> 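The structure that follows is given in the form of structure tokens.
Not measured: the values here are computed from a predicted model. All heavy atoms count here, side chains included; hydrogens, waters and symmetry mates do not. So that the names make sense, note that chain A is the first sequence line, chain B the second, and so on, each numbered from 1.
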There are 2 protein chains.
Amino acid sequence: MATTEKNKTKKQLIREAAARLFRDKGYSATSMRDLADAVHLKASSLYNHISSKEEILKDICFENAQRFLATMEEVERTQASATEKVKALLRLHIHTATEDITSVTAFNDEWRHLSEPYLSEFKALRKNYEGRFQAIIEAGIRSGEFQAVEPAIALYTLFSAVRWLYDWYKPGKKIGAEALEKQVCGLLMQGLGRK
Amino acid sequence: MATTEKNKTKKQLIREAAARLFRDKGYSATSMRDLADAVHLKASSLYNHISSKEEILKDICFENAQRFLATMEEVERTQASATEKVKALLRLHIHTATEDITSVTAFNDEWRHLSEPYLSEFKALRKNYEGRFQAIIEAGIRSGEFQAVEPAIALYTLFSAVRWLYDWYKPGKKIGAEALEKQVCGLLMQGLGRK
DNA sequence: CCTACCGATCGGTAGG
DNA sequence: CCTACCGATCGGTAGG
């Protein structure tokens with residue numbers, strides 16, 4: 001029905017405006033009045049499209065978690081080397097950080113404002129993803145592709161190394177998306193020092 | 001006077017409890033009642049020691065900024081190679097993240113809740129530090145010590161690569177502070193891939 | 001250091 | 001989709 005379609009669109013608009021506000025001010029400092037202003041509604045009208053502030057956060061967090069896990073599944077199924085697998089995941093992180101406004105919320109700390117049982121559920125998904133990422137790193141160390149680092153340290157260093165992108169990479173930047181991925185991957189895989 | 005000494009101590013206790021709460025819940029989600037509970041006072045009694053919630057944030061942010069700039073000054077004065085300078089700064093970041101509870105607030109995004117003119121002032125200090133860090137990276141590229149990466153990309157990658165430490169490095173961990181610094185520095189300078 | 005309390009703002013609902 | 005409004009909670013003050 002047309003009404004359903006329209007509602008869906010509006011809900012999507014609200015969600016994206018919310019993601020932008022959560023990124024800029026944080027979840028707690030974003031009021032429903034702020035969000036309403038951003039989509040040119042009164043606060044009470046938001047509730048025709050969403051059921052609560054937390055629902056927005058929850059949807060954003062879990063949608064992103066599912067997307068990352070789906071890519072992990074794909075990467076695991078390939079017969080690529082550990083190096084190629086890590087690079088593929090890094091590219092996913094970089095690409096998402098620069099292209100999807102909602103990903104920042106899900107990965108740069110706002111998920112902690114989820115209440116139970118969502119908080120535990122989200123943390124479990126996150127831990128699952130991290131564990132599988134770490135397994136790839138461990139396989140790479142065993143195969144001799146990677147240096148003999150502590151896998152957990154490597155995992156979290158890679159993870160957070162790309163966390164600045166969301167507020168640095170603006171459309172106006174001279175560097176292209178591909179060049180950015182190449183530089184960051186290169187830096188993390190080869191290091192800053194010259195060979 | 002004894003009273004002054006006592007007040008100072010209590011103020012320090014409040015500040016540390018605040019830093020812990022800001023880290024765990026974020027600045028906005030931390031209420032003065034939360035903070036009062038943490039130091040076993042009523043909310044109104046906090047105001048005998050501090051003048052506002054934002055004052056605590058402001059003090060934490062600027063104190064950390066000054067400390068980082070002071071170390072930058074020291075590092076710049078040495079005649080060390082770019083590699084040694086970058087390592088010294090990385091060690092500062094790693095050490096601070098694991099040892100000083102207040103540093104998280106200043107560097108992991110809570111500073112954005114400062115109001116003007118403090119916000120602009122803090123951002124200027126931050127930009128100053130980043131510019132000087134980037135100059136060291138540029139010198140290292142010119143001298144041939146570093147790969148020919150985009151300096152800004154290298155800067156922010158190093159910067160955020162250590163941002164996970166504050167919630168991972170707990171006293172119970174088996175890895176020592178020195179080993180941690182060595183591993184993270186090694187990873188960022190040499191990369192994950194084997195030579 | 002506390003009790004008592006302030007106006008402002010919060011997320012959300014009622015009712016049309 | 002709006003006006004009108006709810007109880008709860010916010011940062012902070014008065015006064016002792």
> Does A:Y118 have more than 12 heavy atoms from other residues, nucleotides or ligands lying within 6.0 Å of its OH?
no
> Atom CD of A:E54 to atom C1' of C:dG12: distance rounded to whole Å?
14 Å
> Mark yes or no for a side-chain to base donor-acceptor pair under 3.5 Å between B:S31 and D:dT9, with no hydrogen or angle criteria applied.
no
> Within the structure shown, what part of the strands sits under 4.0 Å from A:T30 by heavy-atom distance: base, sugar-phosphate, or nothing?
sugar-phosphate
> Is it the case that the ring center of A:F122 lies less than 6.0 angstrom away from the ring center of A:H113?
no
> Atom CG of A:D34 to atom P of C:dC10: distance rounded to whole Å?
7 Å
> Starting the side chain at C-beta, find the nucleotide from D:dG12, C:dT3, D:dA4 nearest to B:S52.
D:dG12
> Give, for atom CD1 of B:I153 and atom CD of B:Q134, the distance between the pair rounded to the nearest 0.5 Å.
10.0 Å
> Quick one: which of D:dT3, C:dC1, C:dT3 gets closest to the side chain of B:S44?
C:dT3
> Below the 4.0 Å mark, does C:dC1 have OP1 or OP2 next to a side-chain nitrogen or oxygen of B:H40?
no
> Whole angstroms only, please: what is the NZ-P distance between B:K11 and C:dC1?
15 Å
> Any strand counts, and the cut-off is 3.5 Å on both contacts for Watson-Crick or G-U wobble. Which nucleotide pairs with D:dC6?
C:dG11
> How many Å lie between CE on A:M32 and C1' on C:dT13, as a whole number?
13 Å
> May I ask you to say what B:L41 touches in the nucleic acid, namely base, sugar-phosphate or nothing, with a heavy-atom cut-off under 4.0 Å?
sugar-phosphate
> Ring centres of B:Y166 and B:F107 under 6.0 Å apart?
no
> Rounded off to whole Å, could you give me the CG-to-C1' distance for the A:L21 and C:dG11 pair?
16 Å
> In whole angstrom, what separates A:Y27's OH from C:dG11's C1'?
9 Å
> What's the spacing between B:L188 CG and B:Q183 CD if we round to 0.5 Å?
11.5 Å
> D:dG16 pairs with which nucleotide, Watson-Crick or G-U wobble, both distances below 3.5 Å?
C:dC1
> Give the nucleotide from the list C:dC1, D:dT3, C:dT13 with an atom nearest to the side chain of B:H49.
C:dC1
> Look at the side-chain N and O atoms of A:K42 and state whether any lies under 4.0 Å from the OP1 or OP2 oxygen of D:dC2.
no
> Rounding to a whole Å, what distance do you find between B:R33:CZ and C:dC2:P?
13 Å
> Rounded to the nearest angstrom, tell me the gap between atom CG in B:N48 and atom P in D:dG15.
15 Å
